[in-house]
Undergrad: 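Take a look at the following structure, please.
Numbering of residues begins at 1 and proceeds along the displayed sequence.
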Amino acid sequence: MPTAEHLIAQTDIFPWSDTFATGIEVIDAQHHKLVDLLNKLAGHMAFGSDELILTAVFDELADYAVYHFQTEEGVWARHLGQDSLVLAHHQTHREFVAQVGQARLKLSQMSSDATVEEMVSFLTHWLAFHILEDDTHMAKLVLAVQSGCSMDQAKAQATAQMKSAAHVLITTVLSMYDNLSMRTLALLREVSQRRRAEEKLRLSSNIIESSSDGIFITDTQGLVIDVNPAFCLELQRTHATLLGQSIVALMPSLLGTEPGQTAWQACTEAGHWAGELSMRKPDGELETIWLKLTRVLDETLQVQHVVGMISSISQLVARHQALENAANHDVLTGLPNRRLLTDRLAQALQHSKRNRTPLAVCYLDLDGFKPINDRLGHAAGDEVLRVVAQRMQHALRGADTVARMGGDEFVLLLGDAGGMDEVTHRLHQMMSELTEPIETHAQAVRVGISMGLTLFPADPASADDLLRHADQMLYAAKADGKGCLRVYASSAG
């Protein structure tokens with residue numbers, strides 16, 4: 001017979017499918033994580049995990065949902081502002097958080113399969129509608145706005161798309177849930193009461209012992225009664241030397257501070273606390289951590305223990321930022337790459353339309369760059385590209401963008417650009433600065449600059465066509481002898 005741990009891992013109350021994708025990468029990734037956490041919770045509920053484990057998994061799901069809502073709301077606000085749909089969506093999030101708080105109170109009362117099914121059903125049905133109806137609708141609005149639609153056009157387009165697909169998907173998923181729920185309860189009946197108790201104890205021990213998060217358990221006086229290996233490693237102490245010690249004395253920079261004491265008090269009063277705090281490691285380094293505190297009650301509902309879990313988020317945040325930066329920036333120069341430029345250009349176009357101000361799109365490349373590469377080597381060529389990138393960044397205003405398209409080609413976006421004379425004056429001034437000598441490999445080299453320019457809305461084109469028009473003018477500048485600026489003349493003008 002398979003173990004309960006194996007059955008928990010195989011429990012998919014809400015199987016993920018790529019058809020649930022909204023088209024916004026960060027939101028889809030977080031939806032997938034929410035689904036994984038829901039399946040994890042459903043597995044523990046169905047197979048009788050004890051209250052300590054259920055509470056920890058439930059709180060992980062609830063905490064991540066709040067984090068996901070904050071991310072979502074940031075995306076909606078960035079692209080849709082304070083539209084009534086955004087405000088209504090925010091209210092939906094607030095109501096769910098309140099409902100989750102009420103649901104958490106039921107964890108200690110789960111004495112029947114029907115109660116378990118009710119809890120999982122509530123979470124699954126809400127999440128299905130959240131992803132497939134609310135979030136998909138909002139994502140379609142964002143994507144439509146990014147493509148250049150007005151808000152009214154985006155709403156009409158999103159509504160039409162939702163009518164044709166969303167309700168069918170939601171009905172399918174909920175039907176899928178109901179079938180899987182029956183299968184889960186059948187599996188539950190296969191596991192005997194003795195086997196469930198044995199597996200529950202083993203699972204609890206394995207989770208705590210193998211967790212990469214530091215876990216400690218104290219009595220009501222805050223004295224340590226058990227810790228896991230990760231906690232020993234965090235404090236660089238052995239298990240034996242930690243038992244019986246005051247948790248506040250062991251971690252004064254965390255729990256001895258005013259924020260730490262406030263968190264502890266909140267846990268003892270409300271039953272749970274989770275949030276971001278700072279603590280000083282044994283080597284003196286200040287580290288940002290995510291702390292979870294949960295009180296454990298005995299049969300008479302008196303506080304018996306406090307369980308704490310410490311997760312290091314500094315490394316995760318740094319890694320996320322590094323990955324995001326690498327995905328959106330050129331490795332050599334640090335400038336935005338083609339992918340990020342696409343997003344910046346869409347935003348700049350919306351700003352230009354909304355504020356009725358011109359947007360200049362300029363393609364440029366370096367004249368005489370290849371001979372430098374051939375004569376002095378690629379290291380010298382790379383240095384020239386870095387210096388040129390720095391000079392362009394220095395010459396631009398904060399709201400402007402310079403991106404490297406590859407090789408020695410770059411694109412400039414100049415928002416609130418003013419008239420054509422003002423733009424060309426700025427670009428000629430930049431050309432002069434970029435052609436100053438560059439010191440590389442103990443000698444000075446020079447590059448020339450050729451530019452192609454188009455100005456929106458005089459050129460009332462799409463984002464892709466604006467880039468194409470600027471690129472055409474760059475080639476015209478090259479054909480005219482290089483070292484010059486050529487401007488696109490729109491037939492619409």
Undergrad: Which heavy atom in Asn337 sits nearest to a heavy atom in Ala403, and how many Å separate them?
TA: O-CB, 4.3 Å
Undergrad: Any heavy-atom pair between the side chains of Cys484 and Lys482 that's under 4.5 Å?
TA: no
Undergrad: Main chain of Ala144, side chain of Ser147: is a donor-acceptor contact present, judged purely on distance under 3.5 Å?
TA: yes
Undergrad: Has the side chain of Arg295 got a donor or acceptor atom that lies under 3.5 Å from a matching backbone atom of Glu269?
TA: yes
Undergrad: Quick one: list whatever passes side-chain hydrogen bond (donor to acceptor under 3.5 Å, both in side chains) with Gln70, sequence neighbours left out.
TA: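 Residues passing side-chain hydrogen bond (donor to acceptor under 3.5 Å, both in side chains) with Gln70: none at all.
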Undergrad: Check ring pair (Phe, Tyr, Trp, His ring centres under 6.0 Å) between His32 and all other residues, then give those that pass, not counting sequence neighbours.
TA: Trp16
Undergrad: For Arg386, enumerate each residue passing the side-chain hydrogen bond (donor to acceptor under 3.5 Å, both in side chains) test, keeping only those at least two apart in sequence or located in another chain.
TA: Glu383
Undergrad: Among all residues two or more places apart in sequence or in another chain, which pass the side-chain hydrogen bond (donor to acceptor under 3.5 Å, both in side chains) test with His329?
TA: Asn325
Undergrad: Looking at CG of Asp464 and OG1 of Thr342, how far apart are the two atoms once the value is rounded to the nearest 0.5 Å?
TA: 7.5 Å
Undergrad: Taking the side chain as everything from C-beta on, heavy atoms only, tell me whether Ile310 gets closer than 4.5 Å to Leu254.
TA: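 Yes, their side chains come closer than 4.5 Å.
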Undergrad: Stepwise, does the side-chain contact (heavy atoms from CB on, under 4.5 Å) test hold for Leu277 with Trp290?
TA: CA-CA 6 Å; Leu277 292 175; Trp290 185 265; over 6 Å; no
Undergrad: Less than 4.5 Å apart, side chain to side chain, heavy atoms only: is that true for Arg391 and Val387?
TA: yes
Undergrad: Between Gln30 and Thr71, is any side-chain donor less than 3.5 angstrom from a side-chain acceptor?
TA: yes
Undergrad: Could you check whether any side-chain N or O of Gln153 sits under 3.5 Å from a backbone N or O of Ser150, counting only pairs where one atom can act as donor and the other as acceptor?
TA: yes
Undergrad: In chain order, what residues pass the side-chain hydrogen bond (donor to acceptor under 3.5 Å, both in side chains) check against Thr262, with sequence neighbours excluded?
TA: none
Undergrad: A side-chain contact here means heavy atoms from C-beta on lying under 4.5 Å apart; do Asp343 and Gln146 qualify?
TA: yes
Undergrad: Tell me which pairs pass salt bridge (Lys or Arg N to Asp or Glu O under 4.0 Å) where either residue lies in residues 73-86, with sequence neighbours left out.
TA: Glu73-Arg94, Asp83-Lys155
Undergrad: Using only heavy-atom distances, determine whether the side chains of Thr22 and Asp135 contain a donor-acceptor pair under 3.5 Å.
TA: no
Undergrad: Which residues pass the ring pair (Phe, Tyr, Trp, His ring centres under 6.0 Å) test with His89, not counting sequence neighbours?
TA: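 His89: ring pair (Phe, Tyr, Trp, His ring centres under 6.0 Å) contacts with Trp76, His93.
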Undergrad: Would you please name every residue forming a ring pair (Phe, Tyr, Trp, His ring centres under 6.0 Å) with Tyr64, sequence neighbours left out?
TA: Tyr67
Undergrad: Which residue pairs satisfy the side-chain hydrogen bond (donor to acceptor under 3.5 Å, both in side chains) criterion with at least one member in residues 424-436, sequence neighbours excluded?
TA: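 Of all non-adjacent pairs touching residues 424-436, those that pass side-chain hydrogen bond (donor to acceptor under 3.5 Å, both in side chains) are Asp400-Arg426.
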Undergrad: Sorted by first residue and then second, give each ring pair (Phe, Tyr, Trp, His ring centres under 6.0 Å) pair with at least one member in residues 454-475; sequence neighbours left out.
TA: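 Sorted result for residues 454-475: His469-Tyr488.
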Undergrad: Indicate every side-chain donor-acceptor pair of residues 357-366 with a distance under 3.5 Å to a residue at least two apart or in another chain.
TA:
residue, atom, partner, partner atom, Å
Thr357, OG1, Asp416, OD1, 2.8
Asp365, OD1, Lys478, NZ, 2.8
Asp365, OD2, Lys478, NZ, 3.3

Undergrad: Once you round to the nearest 0.5 Å, how far does CD of Gln157 lie from SG of Cys149?
TA: 4.5 Å
Undergrad: For the residue pair Met309 and Leu291, establish whether any side-chain heavy-atom pair is separated by less than 4.5 Å.
TA: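 With C-beta onward as the side chain, the pair stays apart.
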Undergrad: Where is the tightest heavy-atom contact between Lys292 and Asp63, given as atom of each residue plus distance?
TA: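 Minimum heavy-atom contact is CE-OD2, 3.7 Å.
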Undergrad: Which residues pass the ring pair (Phe, Tyr, Trp, His ring centres under 6.0 Å) test with His31, not counting sequence neighbours?
TA: His68, His130
